[in-house]
Amino acid sequence: MIRRTFHITVPRFMSQVRVRFAPSPTGSTHIGTARTALFNWLYARKTGGKLVLRIEDTDKERNTDAALEELLNGLKWLGINWDEGPEIGGEVGPYFQSQRGDIYKEYLQKLLDAGRAYEKDGAIFFKLEGERYTEYDDYHKAEVEKVRTQPVVIEDVIRGNVTRREERDFVIVRSNGDPSFHFVNVVDDIAMGITHVLRGEDHLPNTSKHVELFNAFGVKPPVYAHMPMILKDPSQGKGKMSKRDRGALIEEYQQRDFLPEAVVNFIALLGWSPKDDQEVLTIDELIERFDIKDLQKAGARFDEKKMSHINFEHMKRLPIERYLPPAVSALSKAGLVDDSTDQAYLKQVLELCQQKINSFEDLPAFSAYFFSDTYAVDEKVEKKLLKRADAADRIQEVIPALESLDAFDAVTLERGIQELADSKELKIFAYFPLLRFAVSGVGGGPDLLPMLETLGRDTVVARLKKLQASLSPSA
RNA sequence: GCCCUGAUCGUCUAAUCGGUUAGGACGCCACUCUUUCAAGGUGGAGACGCGGGAUCGUAACCCGCUCAGGGUACCA
């Protein structure tokens, strides 16, 4: 068979790296989608290349504006910006496939002219080269036409050479006139001068189709890198993570007030790791260390606990000015603070909480007693502490001791309580848990002494008296 | 069924050319912190899927098996 060749103009962008993130806005943004975007972005930033954002909206039935908005919003939240694409344009646009019909027609014509495409049942198929035969196919439960093609070698940075053979012609233009994914994906990668394709492993079997297409156009395929899938947390079942799994959606992290840099850090660690043992990394450190070659081959399981830990590490490192906004946002949502809240007090409380609490979403429950006299009481702790016969005595003793203190700072408090304990031949421990419970209703929290100092004498004493009253209902 | 990919502690992973008490992190447990505590500190348990080979020797190389993941659409 004589191979007809034709000329394709490939855009020239010097020898710069051009990667692309090509999502289709069909639903909420999945963590795996975000990771693909992130790795492409990291690679572009690392190499000084360009990241192209291309919206693959050829499936009109499933695309929605809401999904697109959520996608762009999620990328921005994560700090992933694009050099060409929606909202900013670029020289090889438009960047929505739904607006690139003319380009696809042009490319399709080249295939038609070269005898590499044909119409059947109203759709247009790409024609593979090789001897044709029909065979019963077990999966399709029917006789199908197959082609004895030459195998295609996919050069993959992560996996090495992968050999695969396409054996059936495939649709490039659907019978409703819309071009299909494989076709537009390749055409756009050519037309946009894409040099590296970094995508999920689920695309690996598609890639032989894509390489066939590149070959038909007489264009050298880009460098491929197929990264591992993100799998469900073992407790959630088997298989790849689905949109319904907890922690699967970027929107969820936004709503739960996760730190975007922590989300970025965590998802970067799924299938990739820095060569040293440092795991908590800033965005800049990620860019500095990232390399496609260091990607893992095997699927990575999502781990909610680790996500939470990374988030905590980033929260702890935040300067208080940056800690304040998300914290206040979480507290306002819970109705604990508003514009009238004393800023100095708020800051003091949050400084106490920052080193202890690992998520902003838990902050309201953790710190409610600082802002309101109505807060949850842990009944287990209550039972444990108050069942002791001497609980009432200890409270009765500590109230006047606190009232008579000439100051109410942590140091004075400790000295005062210690003196009281000494005078009763008790350990300071006899008072601490009761004090904590009296003012907060729980058994844990920020360091006790600074916490009492922050709450102030009036509140502390009032709450102790309230507890005392509840202990002696008969009196 | 067929095709492709993969396989180190429960989980994420590290280990330049094959020679390590197989390292770190999350989680777990214990201890500890001027005797609160979900933070901090210290320590502990915990892995090379199985079977063959090649090699003086391997987690690292080859083969088979098993298991896992993906694909097999006029979805992307």
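A, B, ... follow the sequence lines: proteins, then strands. Residue 1 opens every chain.
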- Message: So is the aromatic ring of Phe432(A) stacked onto the base of U35(B), judging by whether the centres are under 5.5 Å apart and the planes are under 30° apart?
- Response: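 No.
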Which nucleotide, in any strand shown, forms a Watson-Crick or G-U wobble pair with [N], with both distances under 3.5 Å?
N: C33(B); answer: none
N: U72(B); answer: G1(B)
N: A22(B); answer: none
N: A14(B); answer: none
N: G27(B); answer: none
N: A38(B); answer: none
N: G46(B); answer: none
N: U66(B); answer: A7(B)

- Query: What about Arg62(A), does its side chain sit under 3.5 Å from the base of C75(B) through a donor-acceptor pair?
  - Reply: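 Yes, a donor-acceptor pair under 3.5 Å.
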- Item | A76(B) base / Asp202(A) side chain donor-acceptor hit below 3.5 Å |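 Absent.
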Residues from [range] lying under 4.0 Å of RNA chain B - heavy atoms:
range: residues 437-444 of chain A; result: Gly443(A), Gly444(A)
range: residues 351-367 of chain A; result: Gln355(A), Lys356(A), Phe366(A)
range: residues 260-275 of chain A; result: Leu269(A), Leu270(A), Gly271(A), Ser273(A), Lys275(A)

- Task: Only pairs at least two apart or in different chains count here, so list each side-chain hydrogen bond (donor to acceptor under 3.5 Å, both in side chains) that has a residue in residues 292-304 of chain A.
- Result: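 Pairs touching residues 292-304 of chain A that pass the test: Arg246(A)-Glu304(A).
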Could you work out, with ring-ring contact (aromatic ring centres under 6.0 Å, His included) as the rule, every residue matching [X], not counting sequence neighbours?
X: Tyr133(A); answer: none
X: Trp82(A); answer: none
X: Phe302(A); answer: Phe266(A)

- Message: On the six-membered ring of Phe312(A), is Lys316(A) placed so that its NZ or CZ lies under 6.0 angstrom from the centre and within 45° of the ring axis?
- Response: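 Ring-cation test returns yes.
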- Counterpart residues, side-chain contact (heavy atoms from CB on, under 4.5 Å), relative to Asp156(A) (two or more places apart):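 For Asp156(A) the side-chain contact (heavy atoms from CB on, under 4.5 Å) partners, ignoring immediate neighbours, are Ile158(A), Arg159(A), Leu204(A), Tyr224(A), His226(A).
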- Note on the structure: Quick tally for nucleotides 60-67 of chain B: nucleotides whose base has a protein heavy atom under 4.0 Å get B, sugar-phosphate-only ones S, the rest -, giving --------
- Message: Tell me whether Arg54(A) is salt-bridged to Glu56(A), with the criterion being a basic N under 4.0 Å from an acidic carboxylate O.
- Response: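 Salt bridge: yes.
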- Item | Side-chain ion pair, Glu129(A) and Arg116(A), N-O less than 4.0 Å |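 Answer for the salt bridge query: yes.
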- Which residue pairs satisfy the salt bridge (charged side-chain N to carboxylate O under 4.0 Å, His left out) criterion with at least one member in residues 358-370 of chain A, sequence neighbours excluded?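 Counting only pairs at least two positions apart or across chains, the salt bridge (charged side-chain N to carboxylate O under 4.0 Å, His left out) contacts touching residues 358-370 of chain A are Arg256(A)-Glu361(A).
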- Message: The side chain of Lys306(A) is closest to which nucleotide in this list: C12(B), C74(B), G69(B)?
- Response: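 Nearest to the side chain of Lys306(A) among the choices is C12(B).
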- Query: Taking the side chain of Leu204(A) as heavy atoms from C-beta outward, which of A76(B), G69(B), C4(B) is closest to it?
  - Reply: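 Looking only at heavy atoms from C-beta outward on Leu204(A), the closest nucleotide is C4(B).
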Under the 3.5 angstrom rule, does the side chain of [X] hit a backbone N or O of [Y] as a donor-acceptor pair?
X: Arg164(A); Y: Pro205(A); answer: yes
X: Asp447(A); Y: Pro450(A); answer: no
X: Thr282(A); Y: Glu285(A); answer: yes

Give each protein N/O atom lying under 3.5 Å from an N/O atom of nucleotides 40-43 of chain B, with the pair distance.
from, atom 1, to, atom 2, distance (Å)
G40(B), OP1, Lys316(A), NZ, 3.1

- Expressed in angstrom and rounded to an integer, what is the separation of Arg159(A) atom CZ from G69(B) atom P?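 About 15 Å, once rounded to whole Å.
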- Would Asp291(A) and Tyr43(A) count as having a side-chain donor-acceptor pair, cut-off 3.5 Å?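 No, because no side-chain N or O of Asp291(A) sits under 3.5 Å from a partner of the opposite role on Tyr43(A).
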Set out, line by line, the N/O atom pairs under 3.5 Å between protein and nucleotides 31-34 of chain B.
none

- For Ser24(A) and C75(B), is the shortest distance between a side-chain N/O and OP1 or OP2 below 4.0 Å?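 False: Ser24(A) side-chain N/O out of range (4.0 Å or more) of C75(B) OP1/OP2.
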